[in-house]
Amino acid sequence: MSDSIAVLAAPVIAIDGPSGSGKGTLCQKLARHLGWHLLDSGALYRLVGMAADKHGCAFDDEAAIAILAANLDVEFVAGEAGEPTLVLLEGEDVSGDLRTEATGMLASKVAVLPAVRSALLGRQRDFAKAPGLVADGRDMGTVVFTTAPVKIFLTASAEERAERRYNQLKSSGDDVNLATLLGEIRARDKRDSERELAPLKPADDAVHIDSSGLGIEEVFNRVLTEVNARLVSL
Ligand SMILES: Nc1ncnc2c1ncn2[C@@H]1O[C@H](COP(=O)(O)OP(=O)(O)OP(=O)(O)O)[C@@H](O)[C@H]1O
Ligand SMILES: Nc1ccn([C@H]2C[C@H](O)[C@@H](COP(=O)(O)O)O2)c(=O)n1
């Protein structure tokens with residue numbers, strides 16, 4: 001995989017951190033506030049995991065899964081006003097399963113494969129377009145956008161992240177168990193941070209924010225202060 005320093009076509013705010021730390025929520029708010037593009041890199045890994053599962057690939061069949069990643073047939077269809085965006089994988093609506101913890105685990109499994117990460121690299125970098133990009137993931141600051149002027153590493157305790165996920169799934173009517181969710185989150189943290197290539201870890205120049213005990217607005221305001229301070233000096 002090429003981890004060469006990419007010349008950015010637009011400024012990038014790279015937000016990395018473990019599952020449930022609030023990256024997705026924060027990135028959506030930031031992108032909307034700034035009027036910038038948004039990259040949900042986890043969704044790409046999730047879609048590759050779903051495609052591998054659908055095609056019955058063994059999860060160590062790196063060559064086959066890399067081909068699926070390189071040729072990912074995905075379409076995002078904007079919903080009517082107030083309706084969520086539909087995600088079509090090979091023409092099939094997978095929106096309902098995309099964000100589940102089971103799909104997160106499939107994503108985490110394909111994400112250890114170097115050829116898969118390599119196949120998704122260019123696709124992710126292509127999201128960096130004017131006026132700017134807010135990028136959500138695990139290796140945005142360390143691999144994909146190493147020259148990003150703003151890098152944030154967002155964390156929260158595993159217990160708090162499990163509780164957030166529990167509340168989120170409960171409010172959508174899912175039958176969930178807090179202890180099971182905590183176990184799944186810990187397993188995903190371990191796989192994501194112990195893999196050899198592009199592990200979940202802060203970039204040397206990232207600002208660390210522990211969101212345990214902080215509300216969504218507090219996190220947003222802290223990050224916006226960093227963004228304003230760093231982008232002004234560009
Ligand atoms: N600071 C916060 N305080 C309380 N709840 C939060 C906070 N940030 C996010 N949440 C809630 O936690 C849940 C998980 O947040 P989110 O999906 O943004 O996390 P994530 O880091 O993107 O997770 P993943 O990597 O698994 O996609 C959501 O229900 C969200 O509303
Ligand atoms: N840049 C990324 C983004 C995601 N992954 C892997 C590891 C995660 O467990 C999984 C799902 O991500 P989520 O949607 O929960 O953010 O995908 C990765 O390796 N690199």
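Remember, it's 1-based here, ligands and their atoms both numbered in the order they're listed. Model, not experiment: these values are computed from the prediction.
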Heavy-atom gap Gly20 to ligand 1 smaller than 4.0 Å: yes
Within 4.0 Å of some non-hydrogen atom of Arg99, the atoms of ligand 2 are 14 (O)
Under a 4.0 Å threshold between the charged nitrogen and the carboxylate oxygen, would Glu218 count as salt-bridged to Arg222? no
So is Val219 polar-close to ligand 1, meaning N/O to N/O under 3.5 Å? no
Closest protein heavy atom (residue, atom, distance) for atom 7 (C) of ligand 1: Ile216 CG1, 3.4 Å
Under 3.5 Å, is there a donor on one side chain and an acceptor on the other for Ser212 and Asp210? yes
Quick check: does Asp136 get an N/O under 3.5 Å from an N/O on ligand 1? no
Minimum heavy-atom separation for Asp189 and Pro18, please, with both atom names. OD1-CB, 3.6 Å
Does the side chain of Asp16 reach to within under 4.5 Å of the side chain of Leu154, using non-hydrogen atoms? no
Can you figure out which of Arg46, Gln168, Glu217 has its heavy atom closest to atom 29 (O) of ligand 1? Gln168
With heavy atoms of Met140 as the reference, note each atom of ligand 2 found under 4.0 Å away. 1 (N)
Indicate, as side chain, backbone, both or neither, the part of Arg188 found under 4.0 angstrom from ligand 1 when only non-hydrogen atoms are considered. side chain
What do we get for Asn167 next to ligand 1 when only non-hydrogen atoms under 4.0 Å count, side chain, backbone, both or neither? neither
Closest by any non-hydrogen atom to atom 17 (O) of ligand 1: pick that one out of Arg165, Arg164, Arg99. Arg165
Under a 4.0 Å threshold between the charged nitrogen and the carboxylate oxygen, would Lys29 count as salt-bridged to Glu217? yes
Between Asp40 and Arg99, does a salt bridge (charged side-chain N to carboxylate O under 4.0 Å, His left out) hold up when you go through it step by step? CA-CA 12 Å; Asp40 176 359; Arg99 303 303 321 169; 3.3 Å; yes
Nearest protein heavy-atom contact for atom 16 (P) of ligand 1: which residue, which atom, what distance? Thr25 OG1, 3.6 Å
Contact with ligand 1 for Gly215, non-hydrogen, under 4.0 angstrom: yes
Does ligand 1 have any atom sitting under 4.0 Å from a heavy atom of Ser21? yes
Restricting to non-hydrogen atoms, name the atom on Ala135 and the atom on Val12 that form the minimum distance, rounded to 0.1 Å. CB-CG1, 4.2 Å
Main chain of Arg191, side chain of Lys109: is a donor-acceptor contact present, judged purely on distance under 3.5 Å? no
I need the atoms of ligand 1 closer than 4.0 Å to a non-hydrogen atom of Gly24, numbered in the order shown. 18 (O), 20 (P), 22 (O)
of all protein heavy atoms, closest to atom 11 (C) of ligand 2 is Arg188 NH1, 3.4 Å
Run the side-chain donor-acceptor check on residues 52-61: report pairs under 3.5 Å with partners two or more places apart or on a different chain.
residue: Lys54; atom: NZ; partner: Glu90; partner atom: OE1; Å: 2.9
residue: Lys54; atom: NZ; partner: Glu92; partner atom: OE1; Å: 3.3
residue: His55; atom: NE2; partner: Glu90; partner atom: OE1; Å: 3.1
residue: His55; atom: NE2; partner: Glu90; partner atom: OE2; Å: 2.9
residue: Asp61; atom: OD1; partner: Ala64; partner atom: N; Å: 3.3

Which of these, Asp40, Leu39, Asp192, Leu113, has its nearest heavy atom closest to atom 8 (C) of ligand 2? Asp192
Option whose closest heavy atom lies nearest to atom 19 (O) of ligand 2, chosen from Lys23, Arg117, Met105, Lys109: Arg117
Would you mind listing which atoms of ligand 1 come within a distance below 4.0 Å of any non-hydrogen atom of Gly22? 8 (N), 9 (C), 15 (O), 16 (P), 18 (O), 19 (O), 20 (P), 21 (O)
Please assess Gln124 against Leu44 for the test side chain to side chain contact (heavy atoms under 4.5 Å, CB included), listing each intermediate value before the final yes or no. CA-CA 9 Å; Gln124 294 174 82; Leu44 294 177; 3.8 Å; yes
Electrostatic pair Glu159-Arg186, nearest N-O below 4.0 angstrom: yes
Would one find an N or O of Arg195, backbone or side chain, under 3.5 Å from an N or O of ligand 2? yes
In ligand 1, the atoms that come under 4.0 Å of a heavy atom of Leu214 are 1 (N), 2 (C), 3 (N)
Tell me which protein heavy atom sits closest to atom 16 (O) of ligand 2, plus the residue, atom name and distance to 0.1 Å. Arg138 NH1, 2.9 Å
Exercise answer: donor-acceptor pairs, residues 69-78 side-chain atoms, under 3.5 Å, sequence neighbours excluded:
residue: Asn71; atom: ND2; partner: Ile67; partner atom: O; Å: 2.8

Answer with side chain, backbone, both or neither: which part of Glu218 has a heavy atom less than 4.0 angstrom from an atom of ligand 1? neither
Run the numbers on Arg188 and Ser19 for side-chain hydrogen bond (donor to acceptor under 3.5 Å, both in side chains), then give the verdict. CA-CA 8 Å; Arg188 195 134 71 91; Ser19 170; 2.9 Å; yes
Please test Ser211 against Arg164 for side-chain hydrogen bond (donor to acceptor under 3.5 Å, both in side chains), starting from the C-alpha separation and ending with a verdict. CA-CA 12 Å; Ser211 70; Arg164 289 177 186 174; 3.1 Å; yes
Heavy-atom nearest neighbour in the protein, as seen from atom 14 (O) of ligand 2, with distance rounded to 0.1 Å: Arg46 NE, 2.6 Å
Considering only non-hydrogen protein atoms, determine which one is nearest to atom 3 (C) of ligand 2 and report residue, atom name and distance to 0.1 Å. Ser41 OG, 3.4 Å
Take Asp192 and Ser108, measure what side-chain hydrogen bond (donor to acceptor under 3.5 Å, both in side chains) needs, and give me the verdict at the end. CA-CA 6 Å; Asp192 292 346; Ser108 176; 2.8 Å; yes
Return a yes/no value for Ser211: is any of its N or O atoms, backbone included, closer than 3.5 angstrom to an N or O of ligand 1? no
Just let me know how Pro18 lines up against ligand 1, side chain, backbone, both or neither, with a heavy-atom cut-off below 4.0 Å. backbone
Return yes or no for this condition: an N or O of Ser19 is under 3.5 Å from an N or O of ligand 2. no
Worked verdict on Phe153 versus His208 for ring-ring contact (aromatic ring centres under 6.0 Å, His included): CA-CA 5 Å; Phe153 194 73; His208 295 233; 5.8 Å; yes
Heavy atom under 4.0 Å from ligand 1: found in Glu163's side chain, backbone, both, or neither? neither
Side chain, backbone, both or neither: Arg161 near ligand 1, heavy atoms under 4.0 Å: neither
Heavy atom of the protein closest to atom 6 (C) of ligand 2 (residue, atom name, distance): Ala111 CB, 3.8 Å
Option passing side chain to side chain contact (heavy atoms under 4.5 Å, CB included) with Arg117 (candidates Asp139, Val144, Val143): Asp139
Contact atoms of ligand 2, heavy-atom distance to Asp139 under 4.0 Å: 1 (N), 2 (C), 20 (N)
Using a heavy-atom cut-off of under 4.0 Å, does the side chain or the backbone of Glu101 touch ligand 2, or both, or neither? neither
Which residue and non-hydrogen atom of the protein lie closest to atom 25 (O) of ligand 1, and at what distance in Å? Lys23 NZ, 2.7 Å
Ala107: numbered ligand 2 atoms lying under 4.0 Å from its heavy atoms: 10 (C), 11 (C), 17 (O)
